[in-house]
K.L.:
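Structure incoming, see below.
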Amino acid sequence: MSYDEMNSFILNYIENDITGRAIMLTGEWGSGKSYYVKNNLKSFLEDKDNGKHKCVIVSLYGLSDTSEISKAIYMELRTIKKSPSTETGSTAKVVGKIVSKTVFNGLVSKIGFDIGNINDDDLQKVYESVDLEGKLIVFEDIERTQIDIIELLGYINNMCENDGVKVLLVTNESELLQFHLKGIKKQEYGREKTEYIKVYSEDAQKYLKAKEKSISDTLQFSANFQETIDSIIDGFENEDLNCFKGVLTTPRRSLYRTDITNYREVIVACQKACDIYNFIKTHSITFDSEFKKCILIGLVNYLQKRLDDYDLKFKANALLDPDLSGDSVYPLMRFCYDYYHSQVITQEAIMKTIAEYSDYIIYVDKTGYDDKDLKVLYSLYISTEEALNTAIQNIYNRLDDISDISLKHYDRIINSLLILKYDALLNNDKIDEIIEKIINNLKGRGAKFNRTHHLFSSTLDIQDADGTKKFKEIQNKVFESLNYTPDSIAMMDSMNYAEIIAKISNDNIRQYNPEKIMERIPLDKIIEQIPDFTAETLDDLRHILSAIDYNKLSEETLTSIKQFKDDISSLLTKEDIDLDCIKKLQIRWICDAINRNTEGISE
């Protein structure tokens, strides 16, 4: 349900429901339920066009007795602006109002005074103060209360059924429904099959029986991601933070994917980012929008990842750590990490990080394959000549800013341009000029480029012999510009093959020549990195291996792949290698794919 649909449903419940039961809103912890109630539902219900219904919000977290709930409701009601005295001046005018005896009795019990010693006027004032007419009582944190759940639901049932009060319970119901899976063996088509069913605990079964009497409808909460994030940002009233509405989305695919699911941690990250922005302004430090964005996204993503692993550590002697943010473009910065954990921040640390990030971002793929110009160029086989000429001109202009197009795209840009020039016979003078700009941009960057990217190579199949020869010439110029030596080229041993595999798999594989890829990738070196691969990377590798025409492979490459299959299969039985069940499944699938495709092919 959308926020508007939930608002309408709850308004109808307040004004028209006569079942005498409560309703429930359930969702995972941190999913934004409380934020929705306080910042969306409350203002909606209290709007004059929607009946000006007041929300009385009470957290049951830590409460141990229902009388404490009555006191909490009473204290919350005391904060609501009283109606004019002309509306509440006499006992007669209390008629028609909902005065909850359940709350009143619990309140008197909690306070502990003797009703017999209070005069009628004072007692009437207390009684009238528990007026719940037209109001919605919202109980949060049901699963965190110390009150017995059956006793609590009995208290709520009395309020709703006997007193006519409207109640909304906000909870993570899955925490109340503990269960285990029980296997039941069945015969199906002559074969034995095991079917698993949920078996609820004794407490969960009691809860479900009590819920049937006390709660009529259960709404499954689903946050409006962008609306919630933007609302959180608005709440800080910070000019720097406000620039980034819309940027907190699911990050681009990476080896350590980070999904934003806990909005409480988003609020914490925004607070830390605002503190840092204010510090930077106070010390007159100059920084650009991307650096500012990196502060926020790095913190948000890190706090999400930390929910699953509180022992995450920053890389030693590093100023940037993309693993902790799950986004290579927006890594977690060391000074942000230190500020979160130790509340310490220095101008020197920020200045060093600004310089480091400016250099780092040159080597990182900022746009991926959503880049409009690159998308046209890489889809040359379905583009138009006019669109390609426009993209080539744009790329030519953009290469003047070395941080605009990642160096990681340079080899493929040249591949595509040479196909256009030699295979498609596209006549465009900018092709050679782009290649010269690329060579100049790479000059002297061999040390870092070699560590962050596979060696400059031909990933697309250039059919024309002159085009292939030209690429070899350009490749030599590139290596010379990068100051590569035979020793540095041999550094393929230390490459991050997971990144290469993800890059190839993310593209449309048919744009590559998979057979050439397998000839270049040293499978014996990949074996060493397999235990550190994610299941997602193994899945990418399997798709590449499945895309190969094995009949086109050289005998040497075919032998290498078969050996790779034997080596990777042996990992499944090694006790000193830690592989979870999903990684093992992927490895078995890889072996099956190689067996299936090499069957019947002689070396």
Side-chain angles (χ1 to χ4, degrees), residues 1-11 25 27-50 52-57 59 76 79-81 136 138 140-141 168 170 219 221-251 258-282 287-304 306-307 325 327 329-330 332-333 336 339-340 345:
M1 298 177 74
S2 67
Y3 287 174
D4 289 342
E5 289 170 334
M6 286 190 288
N7 288 345
S8 297
F9 182 90
I10 294 170
L11 176 62
L25 180 65
E28 295 300 311
W29 285 335
S31 61
K33 302 184 299 296
S34 295
Y35 196 89
Y36 155 72
V37 170
K38 293 180 175 69
N39 295 276
N40 191 298
L41 176 64
K42 188 173 185 293
S43 58
F44 171 81
L45 294 178
E46 292 180 352
D47 188 275
K48 63 180 180 180
D49 293 335
N50 298 317
K52 298 179 70 174
H53 300 288
K54 295 295 183 181
C55 274
V56 180
I57 303 173
S59 173
E76 184 66 25
T79 67
I80 296 177
K81 186 177 180 180
L136 177 68
V138 180
E140 295 188 315
D141 301 313
L168 170 66
V170 181
L219 310 180
F221 180 76
S222 178
N224 182 317
F225 179 87
Q226 205 57 63
E227 184 177 337
T228 301
I229 293 292
D230 289 350
S231 178
I232 289 172
I233 290 175
D234 283 338
F236 282 90
E237 298 182 351
N238 182 282
E239 182 180 348
D240 291 309
L241 192 66
N242 202 50
C243 297
F244 301 124
K245 284 186 177 180
V247 307
L248 293 179
T249 58
T250 301
T258 307
D259 292 322
I260 298 173
T261 57
N262 190 299
Y263 294 98
R264 278 194 293 271
E265 295 303 320
V266 172
I267 295 172
V268 173
C270 286
Q271 180 62 65
K272 297 301 181 185
C274 287
D275 294 346
I276 292 169
Y277 295 153
N278 292 335
F279 179 91
I280 289 175
K281 278 188 174 180
T282 301
F287 63 108
D288 61 19
S289 177
E290 282 298 294
F291 185 80
K292 187 194 303 183
K293 189 190 297 185
C294 188
I295 291 172
L296 175 63
I297 295 179
L299 279 166
V300 168
N301 289 348
Y302 168 62
L303 294 188
Q304 297 298 311
R306 194 168 177 269
L307 291 169
S325 71
D327 192 322
V329 179
Y330 301 110
L332 179 67
M333 299 179 177
C336 295
Y339 181 66
Y340 174 78
I345 186 171

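It should be emphasised that the depicted structure is a prediction, and the values quoted were computed from it without experimental measurement. Position 1 is the first residue of the sequence; numbering continues from there.
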K.L.:
To the nearest 0.5 Å, tell me how far Asn278 CG sits from Asp240 CG.
P.N.:
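So the gap between those two atoms works out to 7.5 Å.
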K.L.:
Checking side chain to side chain contact (heavy atoms under 4.5 Å, CB included) for the pair Lys272/Ile295: CA distance, chi angles, key distance, verdict?
P.N.:
CA-CA 9 Å; Lys272 297 301 181 185; Ile295 291 172; over 6 Å; no
K.L.:
Which pair of non-hydrogen atoms, one from Glu227 and one from Asn40, has the smallest distance, and what is that distance?
P.N.:
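Heavy-atom minimum between the residues: OE2-ND2, 3.1 Å.
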K.L.:
Please evaluate residues Glu140 and Lys38 with respect to the criterion salt bridge (Lys or Arg N to Asp or Glu O under 4.0 Å), reporting the C-alpha separation (whole Å), side-chain torsions for both, the decisive distance (0.1 Å), and the verdict.
P.N.:
CA-CA 11 Å; Glu140 295 188 315; Lys38 293 180 175 69; 2.9 Å; yes
K.L.:
How long is the span from the CG atom in Leu11 to the CG atom in Asp49, to the nearest 0.5 Å?
P.N.:
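Between atom CG of Leu11 and atom CG of Asp49 there are 11.0 Å.
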K.L.:
Can you spot which of Leu241, Ile229, Asn238 makes a side-chain contact (heavy atoms from CB on, under 4.5 Å) with Cys270?
P.N.:
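Of the listed residues Leu241, Ile229, Asn238, the side-chain contact (heavy atoms from CB on, under 4.5 Å) partner of Cys270 is Leu241.
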K.L.:
So, the side chain of Gln304 versus the backbone of Asn262: is there a donor-acceptor pair under 3.5 Å, distance only?
P.N.:
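Yes: the side chain of Gln304 pairs with the backbone of Asn262.
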K.L.:
Would you mind reporting whether Ile267 and Tyr263 have side-chain heavy atoms less than 4.5 Å apart?
P.N.:
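No - every pair of side-chain heavy atoms lies 4.5 Å or more apart.
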K.L.:
Can you name the closest pair of heavy atoms from Gly298 and Leu332 and give their distance?
P.N.:
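Reported closest heavy-atom pair: O-CD1, 3.6 Å.
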K.L.:
Run the side chain to side chain contact (heavy atoms under 4.5 Å, CB included) check on Lys54 and Leu136 step by step: do they pass?
P.N.:
CA-CA 6 Å; Lys54 295 295 183 181; Leu136 177 68; over 6 Å; no
K.L.:
Within this structure, what is the CG-CG distance for the pair Asp327 and Asn301, rounded to the nearest 0.5 Å?
P.N.:
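It is 6.0 Å, given to the nearest 0.5 Å.
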K.L.:
So do the side chains of Tyr302 and Met333 get within less than 4.5 Å of each other, counting heavy atoms only?
P.N.:
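No, too far: nothing below the 4.5 Å cut-off.
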K.L.:
Taking side chain as C-beta onward, heavy atoms only, is Tyr330 less than 4.5 Å from Glu290?
P.N.:
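In contact.
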K.L.:
Supply the atom-to-atom distance Phe9 CZ to Leu41 CG, rounded to the nearest 0.5 angstrom.
P.N.:
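Rounded to the nearest 0.5 Å, the CZ-CG separation comes out at 12.5 Å.
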K.L.:
Can you check whether Val138 reaches Val56 side chain to side chain, under 4.5 Å on heavy atoms?
P.N.:
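No, their side chains stay 4.5 Å or more apart.
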K.L.:
Closest approach of Glu46 and Cys55, non-hydrogen atoms and distance?
P.N.:
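What the structure gives for the nearest pair is OE2-N, 3.5 Å.
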K.L.:
Less than 4.5 Å apart, side chain to side chain, heavy atoms only: is that true for Tyr36 and Thr228?
P.N.:
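No, every pair of side-chain atoms sits at 4.5 Å or beyond.
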K.L.:
Counting C-beta onward and ignoring hydrogens, is there a side-chain heavy-atom pair between Arg264 and Trp29 closer than 4.5 Å?
P.N.:
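Contact flag for Arg264/Trp29 side chains = yes.
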K.L.:
Where do Glu5 and Ser2 land on the side chain to side chain contact (heavy atoms under 4.5 Å, CB included) test, with the steps shown first?
P.N.:
CA-CA 5 Å; Glu5 289 170 334; Ser2 67; 3.2 Å; yes
K.L.:
Can a donor-acceptor pair be found, under 3.5 Å and without considering hydrogens, that links the side chain of Asn50 to the backbone of Phe44?
P.N.:
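Between the backbone of Phe44 and the side chain of Asn50 there is a qualifying donor-acceptor contact (under 3.5 Å).
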K.L.:
Distance alone, cut at 3.5 Å: any donor-acceptor contact between the side chains of Ser231 and Asn39?
P.N.:
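Not at all, the side chains of Ser231 and Asn39 share no donor-acceptor pair under 3.5 Å.
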K.L.:
Just how far is it from atom CD of Gln271 to atom CZ of Phe236, taken to the nearest 0.5 Å?
P.N.:
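The CD atom of Gln271 sits 5.0 Å away from the CZ atom of Phe236.
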K.L.:
Angle class for the Tyr277/Phe244 ring planes (parallel below 30°, perpendicular above 60°, tilted otherwise)?
P.N.:
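The arrangement is tilted - the two ring planes meet at 30° to 60°.
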K.L.:
State, with a plain yes or no, whether a side-chain heavy atom of His53 is found less than 4.5 Å away from one of Lys42.
P.N.:
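Contact flag for His53/Lys42 side chains = no.
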K.L.:
In Å and rounded to the nearest 0.5 Å, what is the OH to CG distance from Tyr339 to Leu299?
P.N.:
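Reported to 0.5 Å precision, the distance equals 10.0 Å.
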K.L.:
Take Val268 and Tyr340 through the test side chain to side chain contact (heavy atoms under 4.5 Å, CB included) and record every step on the way to the result.
P.N.:
CA-CA 9 Å; Val268 173; Tyr340 174 78; 4.0 Å; yes
K.L.:
Is there a donor-acceptor pair closer than 3.5 Å between any side-chain N or O of Lys33 and the backbone N or O of Ser222?
P.N.:
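Side chain of Lys33 to backbone of Ser222: no pair is present.
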